[in-house]
Amino acid sequence: MSGEAKLPKEFLWGYATASYQIEGSASEGGRAPSIWDAFCKTPGKIRDGSSGDIASDSYRLWKEDVVLLTSYGVKAYRFSLSWSRIIPKGGRNDPINEEGIQFYRTLLEELLHNGIVPFVTLHHWDSPQGLHDKYGGWLNKDEIIEDYVNYAKVCFRAFGDIVQNWITHNEPWCVSLLGYGSGRFAPGHVGDTEHWIVAHNLLLAHAYAVKAYREEFKPAQGGQIGITLDCQWTIPYDDSPENVEATARALDFKLTRFADPIYRGQYPARVKTIIGDRLPEFSPEERAIVQGSSDFFGLNTYTTHVIQHDGDGDESVGFVKMGHTRSDGTQLGTQSEFDWLQTYGPGFRNLLNYLWKTYQKPIYVTENGFAVKNENNVTSQEAIHDKDRAEYFEQYTKALLQAVTEDGADVRGYFGWSLLDNFEWADGYLVRFGVTRVDYDTQRRTPKDSAAFLSKWFKDHIHG
Ligand code: PNW
């Protein structure tokens, strides 16, 4: 492969997972329920009526998962901690569950032993049900900030000597909008006011946890800490002024509303104008703590959306219609199992460039992946030949390489979503994102073709 452009030697690649989606053993080892355990028990919320009670059984099979990661040749692994495994009731005066600490400590040591760099997410949606019952969870600003910061500090203390990469929250947009706006995710609230409050409180909790890390732990531990935001690239349906404006608005309502406070200290003007006084304000002290509170840009991205203005549409996304159909009637790319996801590599390249130019922070792509259409309805033997997923990764790695080596974007890592088929939230086990097939009857893991593609691609495209 000599002569061909390559990623720098230090570039990290691997896979991402999340505690509630893979661990199972929901009532084992001292763990107490999270808001997702409760949500799954509400009839009608999960499409196949399932839950994460067993999931991909990784609480028991974690060692097999590390063997799998090693066999794939990854350099890094992103996973999340279950807050209610570590502090079952969740609060700052509640007891710590040593068994939970031990579980993650052992996993971390095994990863390091195999030369795999851990990226640890503190909050990937499974906040303790105890705090939700006690004071309304993310809606209660003062309480949740204190309890979240306490939880974060427990983790920095327990693992910070061997963890150098921390992520505070995964996708505050999903937590707030889907949890407290559309109600599609836990805890299932519906409305147009709460989700702005929750988003604001997530930003503050993140910022105060980062402050605590930087002041109390970083001097000795020396790691980095940041947040992961989700964003899809947006392109206008046509060049009409209203669709061009709608495209900028779509980005503001998805991304800038989180990224601008964090990297620039303020909410975007377009969002303020539309949401008015339902958008909470930062006090000067809070603003100062939120601004500059991420050492890197953690990015989850899956697709590109074609945007049209939609005056009567959904306020929460900025009155836009999102799709994949261009004005000439063609589709952007290959359709996945999800309506919202089609393959479109060039959008990924544009997004990386946009983020690097706009925020000037090193980027880690903390999730990127594809759900092959109908993969759940075929046999394991058929599913492992996941051509559409491998082609997706082929396009996205190409875009990544171009963004880094041709355009100069500072991207330092890439995590495919996901290591394993797992519990896909409101879609239960019906939608699969894994590069590894999981047979849920036996929990047997079988590598898919896409895993082989990524292993080889990164082997060939990182400087030795
Ligand atoms: C991300 N949407 O979630 C999450 O971080 C993962 O836990 C999840 O499994 C993965 O993407 C695949 O869905 C999303 O509706 C959930 O646009 C919903 C959306 C996007 C991302």
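Just so you know, ligand 1 is whichever comes first in the structure, and atom 1 is the first atom listed for that ligand.
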Determine, step by step, whether Trp457 and Trp13 satisfy the ring-ring contact (aromatic ring centres under 6.0 Å, His included) criterion, reporting the C-alpha distance in whole Å, the side-chain angles of both residues, the deciding distance to 0.1 Å, and the verdict.
CA-CA 11 Å; Trp457 193 88; Trp13 84 276; 9.0 Å; no
Before signing off on this row, confirm whether [X] and ligand 1 have an N or O atom pair separated by under 3.5 Å.
| X | answer |
| --- | --- |
| Asn170 | yes |
| Trp425 | yes |
| Trp125 | no |
| Trp173 | no |

Less than 3.5 Å apart, any donor N or O on the side chain of [X] or [Y] sitting next to an acceptor on the other?
| X | Y | answer |
| --- | --- | --- |
| Asp252 | Tyr267 | no |
| Arg445 | Thr436 | no |
| Glu367 | Thr301 | no |
| Ser58 | Asp65 | yes |
| Thr121 | Asn170 | no |

Using a 4.0 Å cut-off to any heavy atom of [X], which atoms of ligand 1 qualify?
| X | value |
| --- | --- |
| His124 | 4 (C), 5 (O), 6 (C), 7 (O) |
| Glu171 | 1 (C), 3 (O), 4 (C), 5 (O), 14 (C), 21 (C) |
| Arg184 | 15 (O) |

Identify the closest protein heavy atom to [atom]: which residue and atom is it, and at what distance?
| atom | answer |
| --- | --- |
| atom 19 (C) of ligand 1 | Trp340 CZ2, 3.7 Å |
| atom 4 (C) of ligand 1 | Glu367 OE1, 3.3 Å |
| atom 13 (O) of ligand 1 | Glu424 OE2, 2.7 Å |
| atom 7 (O) of ligand 1 | Gln21 OE1, 2.7 Å |

Can you tell me how far apart NZ (Lys387) and OG (Ser450) are? Round to the nearest 0.5 Å.
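Rounded to the nearest 0.5 Å, the NZ-OG separation comes out at 13.0 Å.
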Tyr344 and Trp233: ring-ring contact (aromatic ring centres under 6.0 Å, His included), yes or no, with the steps?
CA-CA 10 Å; Tyr344 188 63; Trp233 185 238; over 10 Å; no
Nearest neighbour of atom 11 (O) of ligand 1 from the list Phe423, Phe338, Trp417, Tyr302, on a heavy-atom basis:
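Selected option, by shortest heavy-atom distance: Tyr302.
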May I ask you to check whether over 12 heavy atoms, not counting those of Gln360, lie within 6.0 Å of atom CD?
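Yes, CD of Gln360 has more than 12 neighbouring heavy atoms, counting only those of other groups under 6.0 Å.
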Which bit of Asn300 gets closer than 4.0 Å to ligand 1, counting heavy atoms only: side chain, backbone, both or neither?
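It is the side chain that touches ligand 1; the backbone stays farther off.
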